[in-house]
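Here's the structure we're looking at; comments come further down.
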Amino acid sequence: QVQLVESGGGLVQPGGSLRLSCVASGFILDFYDIGWFRQAPGKEREGLSRIGRMSRTLKYYADSVKGRITISKDNAKNTVFLQMDSLKPEDTAVYFCAADVRGRISSWYFKPSGYDVWGQGTQVTVSS
């Protein structure tokens, strides 16, 4: 079974930091571009970041979070990370990771329909 599992979410104060993890099982994560998304209640699922597969090392960030998040991966652990700093209440959402099995072009990078395997999400709450 191919699976992605997110972890690392929780309650954090404004200005704080979290590092989310996305662990792949049943497939080699490095074979695919991996994206991070979030979805707040009543809002569309929002693309945040993407990291390239294998030798493709480019990282992409949405304007809404650029400068506050860093995507990275540890291939030995089959894990992609999302480091989040300077968190704001507006960052409160369920955060998902997803794999693009097809290797789509850039117009798909921040669209949920551009990804094929999804985790179940981890809740991030930014509040005092």
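Computed from heavy atoms alone, side chains included, the values below leave out hydrogens, waters and symmetry copies. What you see is a predicted model, and the numbers here were worked out from it, not measured in a lab.
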* To do: Give every residue pair that meets the side chain to side chain donor-acceptor pair (under 3.5 Å) criterion with at least one member in residues 47-56, sequence neighbours excluded.
  => Asp33-Arg50, Asp33-Arg53, Arg50-Asp100, Arg50-Tyr115
* Please, which pairs that meet side chain to side chain donor-acceptor pair (under 3.5 Å) have at least one residue in residues 1-19, sequence neighbours excluded? -> Ser17-Asp85
* Asked: Please, which pairs that meet disulfide (SG to SG under 2.5 Å) have at least one residue in residues 16-124, sequence neighbours excluded?
  ->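 Residue pairs passing disulfide (SG to SG under 2.5 Å), neighbours aside: Cys22-Cys97.
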* **Distance (rounded to the nearest 0.5 Å) between Ser113 OG and Asp116 CG** =>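 Here the interatomic distance stands at 9.5 Å.
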* Using modelled atom types only, decide if a donor and an acceptor are shared between the side chain of Arg104 and the backbone of Gly114 within a distance under 3.5 Å. =>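 Yes, Arg104 side chain to Gly114 backbone: donor-acceptor pair under 3.5 Å.
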* Would you check if the side chain of Asn75 reaches a backbone N or O of Asp30 as a donor-acceptor pair within less than 3.5 Å? => no
Joint hydrophobic cluster, [X] plus [Y], side-chain heavy atoms closer than 4.5 Å:
| X | Y | answer |
| --- | --- | --- |
| Val94 | Leu11 | no |
| Met84 | Phe110 | no |
| Leu87 | Ile71 | yes |
| Ile34 | Val5 | no |
| Val101 | Trp118 | no |

Who pairs with [X] by salt bridge (charged side-chain N to carboxylate O under 4.0 Å, His left out), at least two apart in sequence or on another chain?
| X | answer |
| --- | --- |
| Asp74 | none |
| Lys66 | Asp63 |
| Arg68 | Asp91 |

* To do: Please name all residues satisfying ring pair (Phe, Tyr, Trp, His ring centres under 6.0 Å) with Tyr95, sequence neighbours left out, ordered by chain then number.
  => none
Please name the pair of heavy atoms, one in [X] and one in [Y], separated by the smallest distance, quoted to 0.1 Å.
| X | Y | value |
| --- | --- | --- |
| Leu29 | Asn78 | N-OD1, 2.9 Å |
| Lys77 | Val23 | O-CG1, 4.4 Å |
| Trp36 | Leu20 | CH2-CB, 3.6 Å |
| Lys73 | Gly52 | NZ-O, 3.0 Å |

Indicate every side-chain donor-acceptor pair of residues 121-128 with a distance under 3.5 Å to a residue at least two apart or in another chain.
unit_1: Thr122; atom_1: OG1; unit_2: Gly9; atom_2: N; d: 3.1
unit_1: Gln123; atom_1: NE2; unit_2: Ala93; atom_2: O; d: 3.4
unit_1: Gln123; atom_1: NE2; unit_2: Thr125; atom_2: OG1; d: 3.4

* Partners of Ser86 by side-chain hydrogen bond (donor to acceptor under 3.5 Å, both in side chains), sequence neighbours excluded? -> none
* Any cation-pi pair here, Arg102 with Trp108, using under 6.0 Å and within 45°? -> no
* With sequence neighbours excluded, what pairs up with Thr57 under the side chain to side chain contact (heavy atoms under 4.5 Å, CB included) test? ->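 With sequence neighbours excluded, Thr57 shows a side chain to side chain contact (heavy atoms under 4.5 Å, CB included) to no residue whatsoever.
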* Which residues satisfy the side chain to side chain contact (heavy atoms under 4.5 Å, CB included) test with Glu90, sequence neighbours excluded? ->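 Expected list: Lys88.
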* Above 12 or not: heavy atoms from other molecules or residues under 6.0 Å from CD of Gln83? ->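 Counting other residues, nucleotides and ligands, CD of Gln83 exceeds 12 neighbours.
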* Asked: Under the ring-ring contact (aromatic ring centres under 6.0 Å, His included) rule, what pairs show up with a residue in residues 38-81, not counting sequence neighbours?
  -> Tyr60-Tyr109
* Would you check if Val65 and Arg38 make a side-chain contact, meaning some heavy-atom pair closer than 4.5 Å? => yes
* To do: Could you give me the CA-CA distance, side-chain angles and deciding distance for Leu48 and Phe96, then say whether side-chain contact (heavy atoms from CB on, under 4.5 Å) is met?
  => CA-CA 10 Å; Leu48 303 175; Phe96 301 88; over 6 Å; no
